[in-house]
Amino acid sequence: MPRLQQVLAFSAREIDFVFRWRRELGEVFRFHGIIPGGPTITSHPDHVRSLFTANPKLVRSLTAESPLLPIVGPNSVLTANGPRHLRQRKLLLPPFHGEAIQRYVSAITDIAEREIDTWPVGRPVTLAPKMQAITLDVITSGILGIEGRPQPGTPEHGLVQTIKRLTRLSTTRLAKLAEFRNLGHKEAVGLQRRALAVIDRYTYGLIAERRSDAELQGREDIMSLIMRAQTEDGQALSDQEVRDELLTLILAGFETTANSLAWSWERLVRNPNAYEALREGVRGEQDSEGHVERVILETMRNRPVIPAVGRRVQVPWQLGDYGVAAGQPVTVSILLVHHREDVYPDPFSYRPDRWLQRSPDPGESSGEEPRDVEAGRRTVVKPGTYEWIPFGGGTRRCLGAALAMAEQRVVLRAMARRLDLEAVDPEPERAQHRNVTMIPAGGAQVIIRSCRT
C-alpha cells in the first residue's frame, strides 16, 4: 500500500486499519505513517511490559512528536522527555493522589446532580457534550479552584467558553484540515495557531491574576499548587511552563473522561442486560460500587478513548521474534491489546460481568497474591497491568487516572440511579477520531424516558 494511502487509511479509520493488518500480518507489524521511521505496532502483553518497565532513557515517549505538541507545548509533562519529564511529573503528583482526590468527590457529586436536573425528558439528548459540561466544571473546580460557574468577564470564563467552542468545532472537516496541516510542526500554524492565540490570551491572563493574588499561598486548587511548587534547586515554574501544564490538564483531563462516560452509555443502552444489572445494583442496597466499577473497566477496555501509545527506542529492541532498530518508533495498540481473545474471551462483546469473580471461601488460599477488590459478597477482578492499559503505563501513566476514575464512578452512579435511558438508534455508534482520541460519532444519543429526584 502506498505511504500516502496508509496515512489516510490509518488517520480516517484506525480501528479497521489495525485489526485488518493484525489479521493479515500477525500481532507485530510495521506500517509507514506520519511518524518518522514508520512505527512497529505490537499488541502482546509481554512487549507492553518490556516497554513500560524499561529505563525511560531507553524508550522516549512519542507524545513529543504527536499532534498534541503544537497545542500543549514542549514543557508539558505529556510532551516532555528525560529529566524535564521526571521533574514535571514529580511536581504534579501530589494533587492527584489519595486524600486530594477525595476532596474533589463532593464537588463532582454536586456538579453531576446539578447538570442532570437540566436534562430534558422524552426527547433525544446527545450525552457527549453533557458529559463535557460536567467534566469541564470539575476541572474548573478542582484545577482552577472556582466554586460554581466562572463569572462572565473573568479569564476563567473566557478560557472555559473558548474551550467549549473549539471542542464543538474539533470534529468538523475544517478542524481535520487544520490538524493535518500541523503534522510535523512543533508550533501551531494556520487556523490552529489562531485558535491557540485566543486560548493563550485567557490562560496567561489567568496566570497573571493568580500570581498577583495575595492568598495564593493558602489556596489548595491544583493550579495554585503548581504555581507554588519548586524543584529541588528551588526553582518555580515559568509562566510558559504553567501555561503548558494547565492546558494539558484541562484539555487532556476533561475531554478524555467525558468521552469515556459517553462511551459507557453508548454501550449500556445497547446491552440491556448490562444496563439492567447496573441499574439494579445502584438502586439497591448492595454492591453498587462493584457494578459501577465493572462498567468502567469494561467500557475502557471495549472502547478506549486513547487507542494507542508510543515510544521511540534508543537501543535495538526485541519484541518476541522481531527486532526493532535503535531510533525506531514502537506503537502499542491499546485497541488490539484490549481485544486479545487469549486475554479476554469473546473480546468484542460488551460484558461488564467479565470483571466479576467469586470471593474465596473463608480459609481458602491459592498461595498467590490476591488480584481482587472486595465488592459485597463477590469481587471485582483487578485488570492486568499490561493487559488493561487505557491510561498507558510505567513512568508515562496518566497522572489524572485516579481523578478520572473518581469522576466516572460518581457520574455513572448518579445517572444510573436517577435516569431511565434508551438508545435513539439501536445500531451502535461508530468510533470517530479526533486528534489522538476515539469518540462516539453520534455523541452517544439517548432518550431520557424518566428522571428521578
Side-chain angles (χ1 to χ4, degrees), residues 95-121 125-152 154-168 202 206 219-225 246-247 249-265 268 278 282 288-289 292-293 295-296 299 305 398-419 421 439 443-444 446 448 451-453:
F96 289 101
H97 278 275
E99 294 180 4
I101 298 299
Q102 290 305 311
R103 289 199 300 268
Y104 307 140
V105 170
S106 177
I108 297 169
T109 302
D110 292 342
I111 291 167
E113 297 287 352
R114 183 181 68 211
E115 183 66 25
I116 291 171
D117 286 339
T118 68
W119 296 352
V121 175
V125 173
T126 303
L127 285 180
K130 303 295 185 185
M131 299 297 97
Q132 289 169 358
I134 292 174
T135 56
L136 195 52
D137 277 358
V138 170
I139 291 295
T140 57
S141 173
I143 292 183
L144 302 183
I146 302 169
E147 295 184 6
R149 299 278 170 81
Q151 293 297 313
T154 63
E156 295 93 333
H157 183 267
L159 179 60
V160 168
Q161 293 304 313
T162 300
I163 289 173
K164 284 182 178 179
R165 286 195 295 270
L166 293 177
T167 301
R168 286 195 296 269
Y202 293 117
L206 178 58
R219 297 181 65 120
E220 293 300 319
D221 57 89
I222 294 173
M223 180 180 179
S224 296
L225 293 175
L246 202 55
L247 278 191
L249 296 175
I250 292 175
L251 296 177
F254 100 92
E255 190 185 10
T256 51
T257 305
N259 283 309
S260 191
L261 284 164
W263 273 124
S264 285
W265 289 106
L268 285 166
L278 172 67
V282 169
S288 63
E289 185 68 33
V292 170
E293 199 75 11
V295 166
I296 295 171
T299 298
V305 174
C398 174
L399 277 169
L403 177 58
M405 293 295 286
E407 286 185 75
Q408 291 183 79
R409 292 184 189 113
V410 170
V411 176
L412 275 170
R413 186 179 298 111
M415 292 179 66
R417 179 179 60 83
R418 296 187 56 184
L419 305 175
L421 305 174
I439 65 176
V446 300
I448 301 174
C451 180
R452 303 172 178 225
T453 58

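Quantities reported herein were computed from a predicted structural model and do not represent experimental measurements. Numbering starts at 1 and runs along the sequence shown.
Between Leu159 atom CG and His157 atom NE2 the span is 11.0 Å, to the nearest 0.5 Å. Atom-to-atom distance recorded for Leu412:CG and Leu268:CG is 7.0 Å, nearest 0.5 angstrom. In this structure, Ile439 CD1 and Gln132 CD are separated by 8.0 Å, a value rounded to the nearest 0.5 Å. Atom OG of Ser224 is separated from atom CD1 of Ile143 by 11.5 Å, given to the nearest 0.5 angstrom. Note that the CD atom of Glu255 and the CD1 atom of Ile250 stand 13.0 Å from one another [nearest 0.5 Å]. Phe254 CZ to Ile134 CD1: the interatomic distance, rounded to the nearest 0.5 Å, is 12.5 Å.
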Subject >> Residue pair Thr299, Leu261: steps toward the side-chain contact (heavy atoms from CB on, under 4.5 Å) verdict >> reply: CA-CA 9 Å; Thr299 298; Leu261 284 164; over 6 Å; no
Subject >> side-chain contact (heavy atoms from CB on, under 4.5 Å) between Thr257 and Val411, worked out >> reply: CA-CA 11 Å; Thr257 305; Val411 176; over 6 Å; no
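No hydrogens or angles considered: a donor-acceptor pair under 3.5 Å links the side chains of Gln408 and Ser260.
Taking all atoms of both residues into account, the shortest heavy-atom contact from Ala107 to Ser141 is CB-OG, 3.8 Å. Nearest heavy atom pair, residue Arg219 against residue Asp221, reads NE-OD2, 2.9 Å. The two residues Arg409 and Val292 have their closest heavy-atom pair at CA-CG1, 3.7 Å. Here the closest non-hydrogen pair linking Phe96 and Gly400 is CD2-CA, 4.0 Å. What you find for Gly443 and Thr126 is that their closest heavy atoms are O-CG2, 3.3 Å.
Within the 4.5 Å cutoff, the side chain of Trp263 has heavy atoms near those of the Val305 side chain. In this structure the side chain of Trp119 never reaches within 4.5 angstrom of the side chain of Val446, judged on heavy atoms. Side-chain atoms of Met131 and Glu407, non-hydrogen and from C-beta on, never get closer than 4.5 Å to each other. You'll find the side chain of Val160 stays beyond 4.5 Å of the side chain of Ile146, heavy atoms only. In this structure, Val121 and Leu419 have side chains that are not in contact, with every pair of non-hydrogen atoms separated by 4.5 Å or more. The closest side-chain heavy-atom distance from Leu403 to Ile108 is below 4.5 Å. In this structure, Pro120 and Val125 have side chains that are in contact, with non-hydrogen atoms separated by less than 4.5 Å. Within the 4.5 Å cutoff, the side chain of Thr140 has no heavy atoms near those of the Glu156 side chain.
A side-chain donor-acceptor contact under 3.5 Å links Arg418 to the backbone of Arg452. In this structure, Thr109 contributes its side chain and Val105 its backbone to a donor-acceptor pair below 3.5 Å.
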